[in-house]
Amino acid sequence: MVFLSGAKWSPFPRQVSYARPSSDTIKDANLYISGLPRTMTQKDVEDMFARYGRIINSRVLVDQATGLSRGVAFIRFDKRAEAEDAIKDLNGQKPPGASEPITVKFAANPNQAKNSQLLSQLYHSQSRRFGGPVHHQAQRFRFSPMSVEHMGGLSGVSVPGNSTSGWCIFIYNLGQDADEGILWQMFGPFGAVTNVKVIRDFNTNKCKGFGFVTMTNYEEAAMAIASLNGYRLGDKILQVSFKTSKSHK
DNA sequence: TTTCATT
């Protein structure tokens, strides 16, 4: 005779909760990896990091239009100590067959990143006066949209800076204190700007002297470059051009 | 004095 009264309501082993315990040991175990060879897939990256611990999830950022790797990835480890080991071992190292070292560090909080970008735009849109040296010169630009419409023959040509999500512009010779706001101010008048970035030193937060602006329309980007290249910002002469591929050698 | 990347 089978006596079932003790079985209660668990006829099958219940799947243990998916939620992971909240604990310091699993906090902030998320890594940001940049400088990866574009040929490396998500699996390749996982393979490289697997020996340091249990990988909870991973992602390789790809250009939405081309599907090509951006050389940037995320790896979330089970434990922070595992992530720390991976940083110590792999940061600044070259993957097999790679010519450039990779950067491995803890990932920034995505909410923080989004907020700072929003704040940057908010600051830009709310600011009426700028103490910077650019403002009083803004009217020196000559707008001649007719001339650039002639340059339509872009198809089939490999044009630096292009991607279907916009035209990436490289700005060199920014001052150490440059910020995103100055880029919005300089490029915004020429047309649709979708993104700006000031490259800063990780530790000092000082600008490394260059930045990027993404503009939607070629004509506006070309006009901005033509107008802003050679522009004097503070005591420096800007160099402005379409971004070129870093691997031109 | 010369090319990012933050799911």
Side-chain angles (χ1 to χ4, degrees), chain A residues 28-38 40-43 45-46 49 55-77 83 86-87 91 99-120 158-176 178-180 182-184 187 193-215 221 225 228-249:
Chain A
D28 301 323
N30 196 28
L31 293 182
Y32 169 85
I33 303 103
S34 62
L36 291 164
R38 314 275 149 130
M40 284 189 77
T41 66
Q42 176 174 338
K43 181 178 183 311
V45 180
E46 280 190 15
F49 283 81
I55 293 173
I56 301 303
N57 63 35
S58 67
R59 175 156 310 182
V60 171
L61 299 191
V62 297
D63 185 280
Q64 293 214 316
T66 66
L68 295 175
S69 168
R70 291 161 68 189
V72 176
F74 292 89
I75 297 276
R76 181 182 296 281
F77 276 106
I87 290 176
N91 184 39
S99 56
E100 298 217 1
I102 61 173
T103 298
V104 182
K105 56 193 183 188
F106 286 110
N109 184 308
N111 296 328
Q112 278 180 1
K114 210 174 253 183
N115 284 342
S116 73
Q117 181 77 334
L118 282 175
L119 282 173
S120 171
S158 172
V159 182
N162 185 25
S163 95
T164 59
S165 51
W167 298 83
C168 190
I169 300 168
F170 171 63
I171 303 97
Y172 179 73
N173 229 3
L174 296 168
Q176 300 295 291
D179 62 358
E180 273 77 6
I182 200 77
L183 294 179
W184 287 108
F187 287 82
V193 175
T194 57
N195 187 261
V196 302
K197 184 80 184 175
V198 169
I199 307 307
R200 295 185 174 86
D201 181 90
F202 182 73
N203 293 314
T204 69
N205 238 8
K206 292 293 185 186
C207 177
K208 284 179 163 177
F210 62 94
F212 298 95
V213 170
T214 303
M215 295 188 70
I225 289 171
L228 292 172
N229 187 37
Y231 186 88
R232 178 171 161 168
L233 177 60
D235 56 355
K236 297 176 191 306
I237 303 299
L238 294 185
Q239 295 175 33
V240 184
S241 65
F242 284 115
K243 182 186 182 301
T244 66
S245 176
K246 174 165 107 182
S247 53
H248 66 292
K249 345 182 4 176

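Any value given below was found using the heavy atoms of this structure, including those in side chains, with hydrogens, waters and symmetry copies removed.
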Peer 1: Take the protein atom CD1 of A:Ile75 and the nucleotide atom P of B:dT6, then report the distance between them rounded to whole Å.
Peer 2: 17 Å
Peer 1: Does the side chain of A:Leu174 come within less than 4.5 Å of A:Leu183's, by heavy atoms?
Peer 2: yes
Peer 1: Is A:Arg59 touching bases, backbone alone, or none of the nucleic acid, heavy atoms closer than 4.0 Å?
Peer 2: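 Sugar-phosphate contact only.
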Peer 1: For A:Ile199 and A:Tyr172, take the nucleotide of DNA chain B holding the closest heavy atom to each; which residue's nucleotide lies nearer the 5' end?
Peer 2: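 Nearest-nucleotide comparison on DNA chain B picks A:Tyr172.
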Peer 1: Counting only side-chain nitrogens and oxygens, does A:Arg200 get under 4.0 Å of the OP1 or OP2 atom of B:dC4?
Peer 2: no
Peer 1: Measure from CG on A:Asp201 to P on B:dA5 and round the result to the nearest Å.
Peer 2: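 So the two atoms are 12 Å apart, to the nearest Å.
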Peer 1: With side chains defined as the heavy atoms from C-beta onward, is the minimum distance between A:Gln239 and A:Asn229 less than 4.5 Å?
Peer 2: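 A:Gln239 vs A:Asn229: side chains touch.
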Peer 1: Taking atom P of B:dA5 as reference, at what distance in whole Å does atom CZ of A:Phe202 sit?
Peer 2: 11 Å
Peer 1: What is the distance from CD of A:Gln176 to P of B:dT1, rounded to the nearest Å?
Peer 2: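 These atoms are roughly 13 Å apart.
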Peer 1: Between P on B:dC4 and CG on A:Leu61, what's the gap in Å once rounded to a whole number?
Peer 2: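 Rounded to whole Å, this separation is 15 Å.
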Peer 1: Check A:Trp167, A:Phe170, A:Tyr172, A:Phe187 against A:Phe212 for a ring-ring contact (aromatic ring centres under 6.0 Å, His included) and give me the one that passes.
Peer 2: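 So the option named by the test is A:Phe170.
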Peer 1: When we call it a touch if two heavy atoms are under 4.0 Å apart, what does A:Tyr32 touch: a base, just sugar-phosphate, or nothing?
Peer 2: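 A:Tyr32: base contact, heavy atoms under 4.0 Å.
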Peer 1: Decide yes or no for A:Thr41 and A:Val60: does some side-chain heavy atom of the first lie under 4.5 Å from some side-chain heavy atom of the second?
Peer 2: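 Sidechains of A:Val60 and A:Thr41: no contact.
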Peer 1: Could you tell me how far apart A:Gln239 (CD) and B:dT3 (P) are, to the nearest whole angstrom?
Peer 2: 11 Å
Peer 1: With respect to the side chain of A:Lys197, which nucleotide from B:dT1, B:dC4, B:dT3 is positioned closest?
Peer 2: B:dC4
Peer 1: Would you say A:Tyr231 and A:Ile237 make side-chain contact, with heavy atoms under 4.5 Å?
Peer 2: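 Of all side-chain heavy-atom pairs linking A:Ile237 with A:Tyr231, none is under 4.5 Å.
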Peer 1: Nearest to the side chain of A:Cys168 - B:dT2, B:dC4, B:dA5?
Peer 2: B:dC4
Peer 1: Return the value, rounded to whole Å, for the distance between atom CG of A:Asn57 and atom P of B:dT6.
Peer 2: 18 Å
Peer 1: Take the protein atom CE of A:Met40 and the nucleotide atom P of B:dA5, then report the distance between them rounded to whole Å.
Peer 2: 18 Å
Peer 1: OP1 or OP2 of B:dT2 less than 4.0 angstrom from a side-chain nitrogen or oxygen of A:Lys208, does that happen here?
Peer 2: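 Checking B:dT2 against A:Lys208, no side-chain N or O comes under 4.0 Å of OP1 or OP2.
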Peer 1: State which of B:dT6, B:dA5, B:dT3 makes the closest approach to the side chain of A:Lys243.
Peer 2: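 Shortest atom-to-atom distance from the side chain points to B:dT3.
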